[in-house]
Every structure is written in C-alpha cells, then in structure tokens.
Amino acid sequence: PIKSSAASDVYKRQKMVTVLDGVAAGGGIAIAPVYRLGESRFTVKAKYTDNVNHEVSRLHDSFSLARRELTDLRRQAHQKMGEKAATVIDAQLAIAKDQSFEGEITDAIQRYSTTAAWTAAQRIDHYLNVFKRQSGGADYYHSRGLALQDFKKRLLAHLLDEELPDLAKLDHRAIIVAHQLTPTDIIRLNPHLVAGIVTDLGGRTAHFLVMSKEMRFPTVVDTKTVTEHADDDMVAIIDGTHGRVILQPTPQQIDQYQRLASRESARLRELGVLKHQDTVSADGHHFEVAANVALPRESDELATSGAEGVGLFRSEFLFLHQDTLPDEETQFQAYRKLLLAANNHRVVVRTLDIGGDKQLAQVPLERENNPFLGLRGLRVSLAYPGLFRTQLRALLRATAYGQLAIMFPMVATVDEFQQAQRMVDQEKNRLTQEGIPVGKEYEVGAMVEIPAAVAMADQLAQYADFFSIGTNDLIQYLFAVDRGNGQVASLYQSLHPAVLRAVKQTIDCAHAEGKWVGLCGEMATIPTAVPLLAAMGLDEFSVPLSQVLPVRSQIRRLKVRQLQPLIHQALAAHSPAEVRALVDQLTSHMK
Ligand code: PEP
Ligand code: MG
C-alpha cells in the first residue's frame with residue numbers, strides 16, 4: 001500500500017481545480033492561501049423608539065466616531081500610499097462632516113420617533129437610489145454612491161454596536177477574496193501580508209483599485225463568483241496581468257506559475273529601478289524617453305510612469321466624444337493640468353490633428369475622395385482660424401505653468417509652418433496686450449510625417465524649434481500604402497532603408513541648425529529600431545506609457561559608439577530583413 005504522505009494529502013485536498021477569469025487589474029502573479037473578507041450585512045430590527053433624545057445623541061456620537069476614524073484612515077492612507085490615495089477617503093469624510101445630512105436624519109428621528117439606525121439606513125438608501133438613477137443604474141461604482149455605501153456600513157456598525165469586518169485582523173500572508181472592497185478596507189490591511197486581491201465585483205475603474213495599484217498588489221476583479229468558490233486557507237494562484245484565478249491548483253500549475261512569477265518579478269524589479277534614473281547608454285550618451293498621452297487616465301499616470309515628460313499629447317482627444325468644442329478656458333485647464341503632472345519636464349502638445357480617419361462632429365468637413373490626402377492636421381487649423389486661435393490662446397496661457405512645446409501636425413511646407421507660427425506670435429501679442437501672462441520659454445515645432453517635409457527638412461529646421469518624426473504617417477506616405485489595407489500592408493515596412501534614410505536626413509538637418517529631434521511614432525518602440533535611432537543621434541523617444549521603461553532599459557544596454565558603423569550599413573541595405581540581420585549582429589553582446 002502507498003503510504004499517505006503530507007504532500008499527497010495536500011494534493012488530495014487540492015484536486016478540485018477551479019479556474020475563473022476576471023478583469024486583469026495588474027500587479028503580476030501571486031500564489032498564497034485565501035483569506036475571505038466577511039460581508040457586513042447589518043439588520044436593523046427596531047424601527048420605533050420611546051427615547052428620541054437617546055437616539056439623537058447616539059446618532060451624533062456615531063457621526064463623530066466615524067469622523068474621527070475616517071480622519072485617522074486618511075492620515076494612514078497618506079502615510080502608506082501618498083496623497084493621491086488619501087484623497088479617495090475625502091468623499092466619505094465629506095459625508096461624515098455634512099452637517100445638513102446629519103441634521104436631516106436628526107429631524108426625521110424627532111418627527112417620527114424612529115431609531116437612529118433605522119432612520120439613518122432609510123435616508124442613506126434613499127440617496128443611494130438617487131445616485132443609482134443618476135448614473136443610469138449601470139455604474140454601480142459611481143464614486144459618490146460607493147463612498148456613501150461604505151459610510152453606511154461604518155455608521156450602522158456604531159449605531160448597532162457591531163464590528164466591521166477588518167482587514168487589520170489578517171495575521172498571515174494571504175490572497176484577499178471579497179465580494180467587493182472599499183478604499184477603507186485597503187488602508188486597514190498590512191501591505192506586507194497581502195499577496196493579492198480578488199473580488200466578485202468591479203471593473204477597471206473600481207475605486208479601491210486606485211489604491212491597490214499604488215501598492216502594486218496582483219489584483220483580479222469582476223470574477224463574478226470567486227466568493228462562492230473560495231474558502232479560507234485554500235491555495236490560490238492569481239495572475240493580475242491576464243485576469244486569471246486558479247483555486248486549488250495542481251502542483252504542476254503551482255510550479256509553472258512560480259517560474260513565471262520569478263521571471264516577471266526580476267523584470268519588474270529591473271524596470272522599477274529605472275524609473276528614477278536618467279536614460280544614459282552604457283557608454284554615456286544621454287537620451288530622453290517621453291510619453292505619448294491622449295486619454296485623461298494617461299495624464300494621471302504620467303507622474304508615476306518614469307516618463308521624462310510628454311513627447312506627444314494628442315490634443316484632439318479633448319475634442320472627441322463631446323457635443324461642443326472645448327472653449328479656451330477648458331483647454332487651458334487641461335494643458336495646465338498636464339504641465340503640472342509632468343513635473344518640470346517638457347510637454348509637447350500637438351495642435352488639433354483631425355481629418356483623415358479622425359472626424360469631429362463639431363467641425364463638419366466636406367466629404368473627400370482621399371481623406372488621407374485631403375484636409376488634415378494643420379491644414380484644418382489654417383482653414384478654421386477661429387478654432388486654431390482658441391487653441392493657441394489656451395496653450396500660450398498654459399506656458400506660464402511649465403515647459404510647454406507647441407507642435408503642428410502634418411506640416412508639408414515651410415510656408416504653412418510659418419503661417420501657423422505667425423498666428424502663434426499674433427495671439428501671444430494679443431494676450432500680452434490683454435495683460436495675460438505668457439511664459440517666455442516655450443518652443444514651437446513641427447511634426448515631420450509628410451515626405452515633402454523630410455525633403456525640405458534643412459529649411460524647415462531654420463524656423464522650427466524642434467522636430468518630432470511621426471513615422472506612423474510618414475511610412476504610409478513614403479510607400480503610398482494604407483496600412484489598414486490588407487492587400488498592400490506588407491509594403492508598410494518600418495525598418496526599410498527608405499524609412500531609415502528619411503529619419504536620418506531629418507535628424508541631421510535638425511542638428512545642423514542646433515535643434516532637437518524626437519520620434520513619436522510606433523517605430524520608437526520597435527526593439528530593432530531603437531539601436532539604429534540611438535546611433536543616428538535621435539534626442540527623444542516618445543512612446544506609449546507602458547513602453548517607457550522597456551525602451552529606457554534597452555537604451556541603457558547600448559554602446560552607441562560601437563553602433564556607428566551600423567548606420568552606413570543599414571542605409572545601404574536593400575531590405576528590412578538585411579537591416580534586422582545587421583542590428584542583431586551588432587547588438588548581440590548588448591542584450
Ligand atoms: C504619427 O503619425 O506617427 C503620429 C505619431 O501621429 P498619429 O499616430 O496620431 O497620426
Ligand atoms: Mg500622424
């Protein structure tokens with residue numbers, strides 16, 4: 001007979017593997033026992049009271065206890081996670097401090113002789129319904145509603161002398177499993193004991209995620225049923241990168257994920273360290289790695305991303321998805337916010353780039369047979385000067401708040417660039433006459449994404465303060481291929497010597513005039529292109545936020561001097577395949 005060992009006992013208990021898929025909320029992989037956070041479902045039994053004064057004083061005591069606790073939680077959040085996380089508590093604290101809300105419950109107790117707990121629950125439920133209706137019933141995570149729900153639990157716990165489930169009681173390292181978590185839950189827990197978090201509810205915007213992301217816990221939300229399947233002490237694997245939860249995994253699964261986890265954490269450790277370091281190649285050449293930003297969420301992440309500023313802010317996103325054009329003040333506020341988030345680094349704002357595939361409902365452009373060869377980018381701004389001047393005024397006003405660079409998209413000729421530049425000067429003079437401050441140090445540059453601009457780059461560089469090469473468009477115009485068209489997509493070749501020659505010429509022309517050059521197309525993230533661009537002397541790589549650290553990590557391993565011969569050879573190559581082989585050969589020892 002086979003003797004039962006401890007290991008096979010464990011295996012027997014772990015036979016029922018359950019795999020759940022949810023929404024990946026980041027943080028990598030965790031393997032640990034489960035800790036289930038209980039649900040607080042308070043039942044309010046007594047509706048009426050014959051001691052109204054007692055109920056009123058209980059209500060005031062409970063409000064003041066809640067205020068004290070929340071103030072304390074806010075302080076803890078600030079210490080543990082910083083100010084951004086702490087502000088998440090503010091919504092609840094505001095409710096606890098709302099005299100008129102407390103007064104409203106007091107009045108109802110006095111008028112109807114109802115208990116404090118019953119009355120408070122009633123009034124809070126009333127507002128929860130209002131919030132739910134306001135958000136169309138869909139957004140359960142409406143922030144005010146969530147804060148009120150969390151506050152309701154706290155207040156009722158005091159009124160009913162019950163205990164709130166408290167993650168501070170966790171005394172061993174575990175994966176927290178809960179129906180839903182609140183920001184206050186997260187603050188209470190000891191971060192060293194949390195291996196990861198899984199919840200039934202929640203989308204990527206769930207409020208507690210602001211905090212769990214700060215703490216970098218592996219997190220999977222929206223599994224719908226994890227609390228039905230998971231039990232205390234059951235082993236679980238969670239993969240916060242792919243949104244997967246495995247309950248009672250097999251030893252093979254544990255093994256597999258352990259290997260993945262150690263590889264992942266080595267990579268993250270290496271990248272995390274780079275956040276606070278300059279981008280310097282192994283042989284001492286400096287570069288900048290900036291971010292491409294479009295969505296508001298991305299500007300929020302800027303400060304913690306490690307990016308050295310913004311190399312491309314696609315301002316058209318301020319204009320999309322709304323009924324009216326954002327006025328000067330709205331735009332000004334958005335640019336100012338971005339500059340403040342950039343922490344003294346440069347922010348390159350591209351003026352409105354619509355036309356082609358990007359249409360704005362508020363600016364109805366004529367139907368064109370060839371929209372990509374039609375009224376696009378700067379051409380739209382010059383055709384609608386009112387629209388353009390409003391944006392320029394907002395930008396110029398924002399120059400007082402940081403290092404702003406204004407960039408025009410789709411510049412084809414020197415003349416167009418100068419026309420736009422004159423409008424900048426005119427608006428600046430107008431603002432100055434109006435007594436509105438404009439910073440002295442802003443730059444005005446051009447995107448180089450039309451072959452004519454490459455051909456004239458030497459002249460353009462005399463007027464522009466900088467260039468940013470938009471390879472996404474440049475490649476499509478160089479080869480005359482629409483990359484969305486499957487029949488010709490194979491001709492869209494980022495590493496083709498034709499592209500490299502255009503990029504090299506642009507960089508050289510800018511440098512000849514003492515100007516800097518960035519590249520903000522996808523090409524800046526291609527591992528085979530990065531060594532070539534660095535060797536050509538590109539000053540700034542502007543890439544999606546998630547690529548900032550990987551690109552910086554690659555640059556730090558390069559020996560730029562040793563790559564010099566590569567440029568000639570690559571420009572003389574006949575095909576992307578040849579270019580790839582050359583780069584591989586020369587960089588194999590720099591990996
Ligand atoms: C580009 O064309 O390379 C670019 C960065 O701009 P967009 O992708 O917004 O056209
Ligand atoms: Mg473009």
Criterion side chain to side chain contact (heavy atoms under 4.5 Å, CB included) on R74 and L70, from CA distance to verdict
CA-CA 6 Å; R74 195 191 188 288; L70 287 165; over 6 Å; no
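- The line from OG1 of T351 to CG of L395 is 8.0 Å long, rounded to the nearest 0.5 Å.
- Checked by atom type and distance alone, the side chain of D200 pairs as donor or acceptor with a backbone atom of V226 at under 3.5 Å.
- In summary, the side chains of Q331 and Y335 do present a donor paired with an acceptor at a separation below 3.5 Å, with no hydrogens or angles considered.
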Could you walk me through whether T330 and D327 pass the side chain to side chain contact (heavy atoms under 4.5 Å, CB included) check?
CA-CA 5 Å; T330 311; D327 60 14; 2.5 Å; yes
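- Using a cutoff of 4.0 Å between basic side-chain nitrogens and carboxylate oxygens, R123 and D107 are not scored as salt-bridged.
- By the 4.0 Å N-to-carboxylate-O rule, R68 lies too far from D72 to be salt-bridged with it.
- Looking at R36, its side chain does come within 3.5 Å of a backbone N or O of A230 through a donor-acceptor pair.
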Identify all side-chain donor-acceptor contacts of residues 308-320 below 3.5 Å with residues at least two apart in sequence or on another chain.
{"unit_1": "E308", "atom_1": "OE1", "unit_2": "T279", "atom_2": "OG1", "d": "2.9"}
{"unit_1": "E308", "atom_1": "OE1", "unit_2": "V289", "atom_2": "N", "d": "2.7"}
{"unit_1": "E308", "atom_1": "OE1", "unit_2": "R552", "atom_2": "NH2", "d": "3.3"}
{"unit_1": "S315", "atom_1": "OG", "unit_2": "R350", "atom_2": "O", "d": "2.6"}
{"unit_1": "S315", "atom_1": "OG", "unit_2": "L352", "atom_2": "N", "d": "3.4"}
{"unit_1": "S315", "atom_1": "OG", "unit_2": "Q391", "atom_2": "NE2", "d": "2.9"}
{"unit_1": "E316", "atom_1": "OE1", "unit_2": "D353", "atom_2": "N", "d": "3.2"}
{"unit_1": "E316", "atom_1": "OE2", "unit_2": "R350", "atom_2": "NH2", "d": "2.6"}
{"unit_1": "E316", "atom_1": "OE2", "unit_2": "K358", "atom_2": "NZ", "d": "3.2"}

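- D166 places no side-chain N or O within donor-acceptor distance of the main-chain N or O of R188, the cut-off being under 3.5 Å.
- Side chains of D125 and L128 form a contact here, defined as non-hydrogen atoms less than 4.5 Å apart.
- In this pair, F151 and F101 present their aromatic rings tilted. The plane angle is within the 30 to 60° band.
- T399 places no side-chain N or O within 3.5 Å of a backbone atom of Y442 that could act as its donor or acceptor partner.
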For V34 and D231, what are the C-alpha separation, side-chain angles and deciding distance, and is it a side chain to side chain contact (heavy atoms under 4.5 Å, CB included)?
CA-CA 7 Å; V34 163; D231 263 325; over 6 Å; no
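- Counting heavy atoms from C-beta outward, R430 and E434 have side chains that approach closer than 4.5 Å.
- Annotation: side chain of D255 is in contact with side chain of Q258 (closest heavy-atom distance under 4.5 Å).
- Counting only distance, with no hydrogens or angles, the side chain of R346 and the backbone of Q403 share no donor-acceptor pair below 3.5 Å.
- Residues I246 and V17 form a side-chain contact, since some pair of their non-hydrogen atoms from C-beta on lies under 4.5 Å apart.
- No donor-acceptor pair under 3.5 Å is formed between the side chain of K97 and the backbone N or O of R67.
- Contact of the L325 side chain with the V363 side chain is registered, since non-hydrogen atoms from C-beta on lie closer than 4.5 Å.
- The two residues A121 and V44 have their closest heavy-atom pair at CB-CG2, 4.5 Å.
- Ring-plane geometry between H172 and Y35 is classed as perpendicular, the angle between the planes exceeding 60 degrees on a 0 to 90 degree scale with a lower cut at 30.
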N/O donor to acceptor pairs below 3.5 angstrom from side-chain atoms of residues 49-56, sequence neighbours left out:
{"unit_1": "T49", "atom_1": "OG1", "unit_2": "N51", "atom_2": "N", "d": "2.9"}
{"unit_1": "N51", "atom_1": "OD1", "unit_2": "H54", "atom_2": "N", "d": "3.1"}
{"unit_1": "E55", "atom_1": "OE1", "unit_2": "A116", "atom_2": "N", "d": "2.8"}

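- The side-chain heavy atoms of R244 and V19, taken from C-beta on, include a pair separated by under 4.5 Å.
- Y112 and Q122 form no side-chain donor-acceptor contact under 3.5 Å, judged by distance and modelled atom types alone.
- For the pair T43 (side chain) and K45 (backbone), a donor-acceptor distance under 3.5 Å is absent.
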Quick one, E329 with Q333, criterion side-chain hydrogen bond (donor to acceptor under 3.5 Å, both in side chains). Give me CA distance, side-chain angles, the key distance, then yes/no.
CA-CA 6 Å; E329 185 61 25; Q333 295 293 351; 2.8 Å; yes
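- Between R75 atom CZ and T71 atom OG1 the span is 9.5 Å, to the nearest 0.5 Å.
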Go through the steps to decide whether R154 and L164 satisfy the test side chain to side chain contact (heavy atoms under 4.5 Å, CB included), and finish with yes or no.
CA-CA 7 Å; R154 181 166 304 280; L164 279 172; 4.0 Å; yes
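- Summarising the geometry of T119 relative to A108, their closest heavy-atom pair is CG2-CB, 3.4 Å, with the distance given to 0.1 Å.
- Annotation for A30 and A195: closest pair CB-O, 3.2 Å, computed over non-hydrogen atoms.
- Between K224 and D222 a salt bridge is recorded (basic side-chain N to carboxylate O distance below 4.0 Å).
- Among I186, L193, D185, L167, the one residue that satisfies the side-chain contact (heavy atoms from CB on, under 4.5 Å) test with I176 is L167.
- Annotation: side chain of L189 is in contact with side chain of F217 (closest heavy-atom distance under 4.5 Å).
- I29 CD1 to R263 CZ: the interatomic distance, rounded to the nearest 0.5 Å, is 9.0 Å.
- By the 6.0 Å contact criterion, CD on Q99 is open, its count of non-hydrogen atoms from other residues, nucleotides or ligands being 12 or less.
- In this structure, CG in L545 is found 8.5 Å from OG1 in T304, a value given to the nearest 0.5 Å.
- Note that CD of Q277 is 10.5 Å distant from CG of L549, once rounded to the nearest 0.5 Å.
- Contact check for L155 versus I124: side-chain heavy atoms found under the 4.5 Å cut-off.
- The shortest non-hydrogen separation linking R173 to A32 is NH1-CB, 4.1 Å.
- Note: L148 CG to I95 CD1 = 4.5 Å, rounded to the nearest 0.5 Å.
- Across every non-hydrogen atom of A342 and V347, the tightest pair is CB-CG2, 3.4 Å.
- Residues V438 and L396 approach most closely at CG1-O, 3.8 Å, considering heavy atoms.
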